[in-house]
Amino acid sequence: MTNAVSLHGVRKDFGKLTALSDVTLEIEDNEFFTLLGPSGCGKTTLLRMIAGFENTTAGTIHLFGDEIEHLPPNKRPVNTVFQNYALFPHMNVVENIGFSLRMLGWTAAKIQARVDEMVEMVQLGAFVHRKPSQISGGQQQRVALARAMAPRPKVLLLDEPLSALDLKLRQEMRAELKRLQRETGITFIFVTHDQEEALSMSDRIAVISDGKLQQIGTPFEIYEHPNNRFIANFIGETNMLTATVNAVDGLHVACHLAGGERLNALANCQNLVGANGVISLRPERLSVSKTAPTGDILKGVLGERVYLGTDTQFIVKLSGELKLKVRMQNSIFQGAEFKTGDPVFVTIADDAARFLVD
Amino acid sequence: MISKAFIGAAALALVANTAAAEGKLSVYHWFEYIPAELVEKFSKEYDVKVTIDTFDSNESMLASLKAGTMGSYDVAVPGDYMVEIMAGEGLLDTIAKGELANMANIEDQWLNVSFDPGRKHSIPYQWGSTSFSVNRDAYSGNINTTDILFNPPEQLKGKINVLDSQGEVMAMAALHLGIPQCSADREQLKSLDALLQSAKENWASFGSDIAKDVLVSGDAAVGMIWNGFSAKARAEGANIEYSYPDQGYVVWMDNVVLLRDAPNRANALNFMDFLLEPENIAAVTNYARYADGIKGTTEFLDAELATMPENNPRAGAGAGVFVAVCDQTTQEVYDQIWTRLRS
Amino acid sequence: MAAGTGSGSTVSAIFSPVRLWLLLPSWIVIGFFLLLPVLLMLTYSFLTKEFRGGVIWEFSLSAYDQFLFDRGLFGDEPPVIKWTYINIFIRSILQATGATILCLLIGFPTAYFIATRPMQSRTMWLFLITIPYWVNLLIRTVSMKFLIRDTGPLNELFLNIGLIDAPLHVINTNFAVQLGLFYSYLPFMVLPIYASVERYNFAFSEVASDLYASKITILWSIILPVVKPGIIAGSILVFVPSLGAFLAPDLLGGAKTFMIGSLIEDQFKGNAGNWPFGAAASMILLSLVLVVLMFYARAQERDQT
Amino acid sequence: MNRTFDITHYRGFFGVTCLCLVILYGPLIIVMVYSFNDSLSITNWGGVSLRWYVDIFTGLESAKFKAAAWNSFTIAIMAAIVSTIIATAASIGMIRGGNFKGKFVSFALISLPIMVPEIVTAVATLIFFSTIGFKLGTLSILVAHIVFCIPFAYLPISARLQGIDASYEEAAQDLFANRWMTFRYVLMPIMWPGILAGFLLAFIISLDDFIITNFIKGAGIETLPTAIFGSVKQGIKPNIMALSTLLLLFSIALVTLSYFIGKRGEVTQKLQQ
């Protein structure tokens, strides 16, 4: 089976600036694929290159095995949902959705049928004759989706489509997008800087930073096994502790921290004894207790605590200047007995420590 | 779609306008110098569409023709000296013997004129005089002197309009000084220049086209003006008197000339013949209030014209003189004086 | 200026490949029918005048010489600086300056007043100010001429209500020309100043007031410096067209003394018929305007940095 | 309005604004009023009458005015159409063409007709036409008008285009529209208020022009301004006031129209943001 989109060694320069360098990735058919990264990382540029709005400086882009580099956007069987939707202000909902079909020269009857189908799919029945300026942001979003999906693209590109919506609507639309993707079987390439969005919707995620591909993987892999310090930091919250390797067993390493505490961790690559790096510890994979449990533990003094509704967050001061963030679910843990200044033990869940070398 | 049709029509109209003129006549004429009814009459009689552009001085007409409108007009109406200049510049076409049926209608004295010997290019249109008129409400003193223009009494200073016409102003100034026109004498030229410079201080405005209006509206108390135009101003209610000064005045004759490269030469000749008909030229005379040079017009003329003070120089007035054409050297000094006056 | 959310980009890849073809018509039309003619005019200013109009294709500096030097009535005296034409230019500059000041005096308070109206009524006020501009300039000038004649309605009104004893003589004076120019170009002054004042943050005024500045001080030392770009822009927009104006001097000034516009016109349409001189005077006017515009561009650049 | 202390308010500015309006409208209103004067003289009031309006259409000069009006309107419409098309293309080239070498020069060239004083344009054009032997006529007027109308059409069109996000064009292209379709079905409709404003401005500017037209008009060809100028040179006559009033009303109708079109465009633009 050919992949929906294959990028090979793709590079993009804007004058002297390099926006993307050496991006190689395969996006499978029917996949909900997300490009995740901070703003300015080059993810939108990558999307625009697939759409055809930017050409590549180097490298190749294949769509279902066909080289598409030479095709202008209007000849590529991909469609885009724009960040600001770019709904044509002078056309009503029906005209917007049917635009591509008109451009493709469909008959009026066929256009009508397809538009009806799309209106049905995104549940816009009541608004079909309104102009974009007369409907709400969420409805505009649906029109944009319907418009982009009307010509049955092989790949749908979504450029931060949810960023203009408020939180509630955004969460609703996530489910909606996921549903549409499942029902239509279209490959979605979704660009976002919101890690929560990425984690909740994607089949796979590619994290991009500074124009470079950092890691590709399922949400679980990306979150639990970040490849490097950037990803660990960017996705979710984490504690970063500087560490040195004492012993190596495959990818498992035994390290000591700056304050002398010893920890076992899983490394992102083969290491030698004496290598320096950081250990990433997710706060929710840690727990505090007054009595020493078994397994990997760290000793410290309880600092401030913050009540977060579902969780409580503690700051634990380790030796030296080191501080650890620990988050525990309130439903299974009553932290009433913990007071600032109490000496505590921090337990680390299995495989929770990642040793990362830059 | 309506707009498309309109553009089409507009485009067509433009093309039609620039297309070769059949049944057309293009006249370059003095302003307010031909009655519209007469043009209408010609138009009907010969089935010719007449367009008239106007100018306000002989010199500006010459400038405009040389600036690219030559070849667009069929006939023009220059004054005497300008006929001579235009002929010299090669701007005029020659009327062959027999091309004008009514040539014989021209009064004998205007048949062989110095500015167009043998009437090879022109026919008479109107003749008259150039002097000045004074508002009698503003000044009741003696107006039979060119001092009114060049050395005005206190109450008239700053209330004088002067024709924007180089030839006539320079000729009047020469008359005032009692020197010959186109004098090559340096001292005389210098005094001419000095006179005009000093007189300018007392003048309010230059303008030919406004000459009548400023007198009627009272904006000016003295106006250098043509006799017939002055008569019209008087008829429109201005209490003015036209002067025939002791020092003399300018006499002129305007003539219809056939222009070189006339796009409608045949119609031009028809037009000239038309204007040689006593009845037709008399209509012009009645309108413009001057005199024509055509035999047999008397019966068609307003009786009043003959007795009008503007048309009858008082006894004792100086002689009327034509504007002279200077040689290039003197003309260049004249131009220099004029430029200094006008700027 | 670039509005819009999202990418905010106004560069579209779709039209940039054909931008040459899109720009070419305007380049050709303006280049061929204006730039080339201006260059030709420059050439003409160095040609020899033909007796009684027209030119001879022979290089000559006489047009500029005639502009600058007086060689006497007969052209044989040693050259001295001639003020005739320089004075025309100075007079025109003064007239244009007068008109600009008049526009500024009336235009600034008006623009300020409009900019401090509530949002909805501002457009209405601006609309009121701009309507007359859409009326034919000739008609406006003629109206002004009609109004200020010695025996015109204005004088009649003033005489009737006993404000004056004798008619005010305005027509055919320098003031009449300035009034005409002012009337022609006033909206050009109001609009840029309005745009500046509208952007002015009145919190500055409040701060200054809080710091014991009087209203006049605020106007003079806070508002004026902030809205200066608008004032400069407005002044340029009034000054430049006033400089080469033809209708107002001709119809309101009595055409007794030339302004630049009428001087040039006279070389082609009027009595003078001196094309090289007309071309030279046009070139000098054009250079003057370009200098003013360059000064403006500089000032703008300085304001931006 | 009851203001105890308003820092934005300056006493007298309202008065100056009123004075400004009086100066702007006074002469026009006077001319309007006097156009109904039933008197041969412009100085005396002879009662209200429409005779001068009748005179424009049936009087001695009616043929001249009719021809001049026809010339003025045909020239203005054609000049406005052509210059609007050229200016629209140039706007897209300038605003959507990205950064390119000579962009400033290109902008300077497009705005040249505004920067060069009208009288200089007139002189240069006259010299040019006379040198290349271009016959002065309606066509010469039209060409000159197209040239100086371009920047006036360009200004509102490019201002409008600058406010339009390029993503509309990208969306259109993404939805299989080619370059022409993108312009025809997406960009042009969104730009329309700007194009219309540019067209109207060009139309009015062409209709308004006197100096250039006067220099290069051919034999027997008058536009309304040159015809009116020719008439008023000899003094203002009542029929000119009537004609002026008609033109004035026409201009006001046109500018009101453009005002409302502009407002509509503004509203839709605002709603999108």
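In what follows, chains carry the letters A, B, and so on, assigned in the order in which the sequence lines appear, proteins first and then strands, with residues in each chain numbered from 1.
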TODO: Please identify each residue that fulfils side chain to side chain contact (heavy atoms under 4.5 Å, CB included) with D:Val82, with sequence neighbours left out.
DONE: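 Applying side chain to side chain contact (heavy atoms under 4.5 Å, CB included) to D:Val82 gives D:Ile86, D:Ile146.
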- Task: Check side-chain hydrogen bond (donor to acceptor under 3.5 Å, both in side chains) between C:Glu198 and all other residues, then give those that pass, not counting sequence neighbours.
- Result: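 Testing C:Glu198 for side-chain hydrogen bond (donor to acceptor under 3.5 Å, both in side chains), a comparison that skips the adjacent residues, returns C:Arg122, C:Tyr194.
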ask   = Residue by residue, which of residues 280-288 of chain C have a heavy atom closer than 4.5 Å to a heavy atom belonging to chain D?
value =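 Within residues 280-288 of chain C, near chain D: C:Ser282, C:Leu285, C:Leu286.
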Test your reading of the model: is there a side-chain donor-acceptor pair from D:Arg179 to the backbone of C:Ile14, 3.5 Å cut-off?
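Side chain of D:Arg179 to backbone of C:Ile14, a donor-acceptor pair under 3.5 Å: yes, one is there.
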Open item on the list: So does C:Pro109 get a backbone contact from the side chain of D:Tyr10, meaning a donor-acceptor N/O pair under 3.5 Å?
Closed with: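 Judged by distance alone, no pair lies under 3.5 Å.
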(request) Ignoring hydrogens and angles, state whether a donor on the side chain of D:Tyr154 or C:Ser26 is under 3.5 Å from an acceptor on the partner side chain. (result)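 Looking only at side-chain atoms, C:Ser26 and D:Tyr154 do not form any donor-acceptor pair under 3.5 Å.
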By a 4.5 Å heavy-atom criterion (distance strictly below it), what part of [X] contacts chain C: side chain, backbone, both, or neither?
| X | result |
| --- | --- |
| D:Met94 | both |
| D:Ile211 | side chain |
| D:Phe229 | both |

**Item:** Whether over 12 other heavy atoms sit under 6.0 Å from D:Phe14 CZ
**Value:**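 Counting neighbours around CZ of D:Phe14, 12 or fewer heavy atoms of other residues, nucleotides or ligands fall under 6.0 Å, so no.
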Using the benzene-type ring in the case of Trp, are the ring centres of C:Phe32 and D:Phe128 under 6.0 Å apart?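 For C:Phe32 and D:Phe128, the ring centres are under 6.0 Å apart.
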D:His9 versus C:Lys215, closest heavy-atom pair with distance |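 Closest approach of D:His9 to C:Lys215: O-NZ, 2.6 Å.
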**OP:** Taking ring pair (Phe, Tyr, Trp, His ring centres under 6.0 Å) as the test, write out the residues that go with C:Phe239, two or more places apart.
**Re:**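 Expected list: none.
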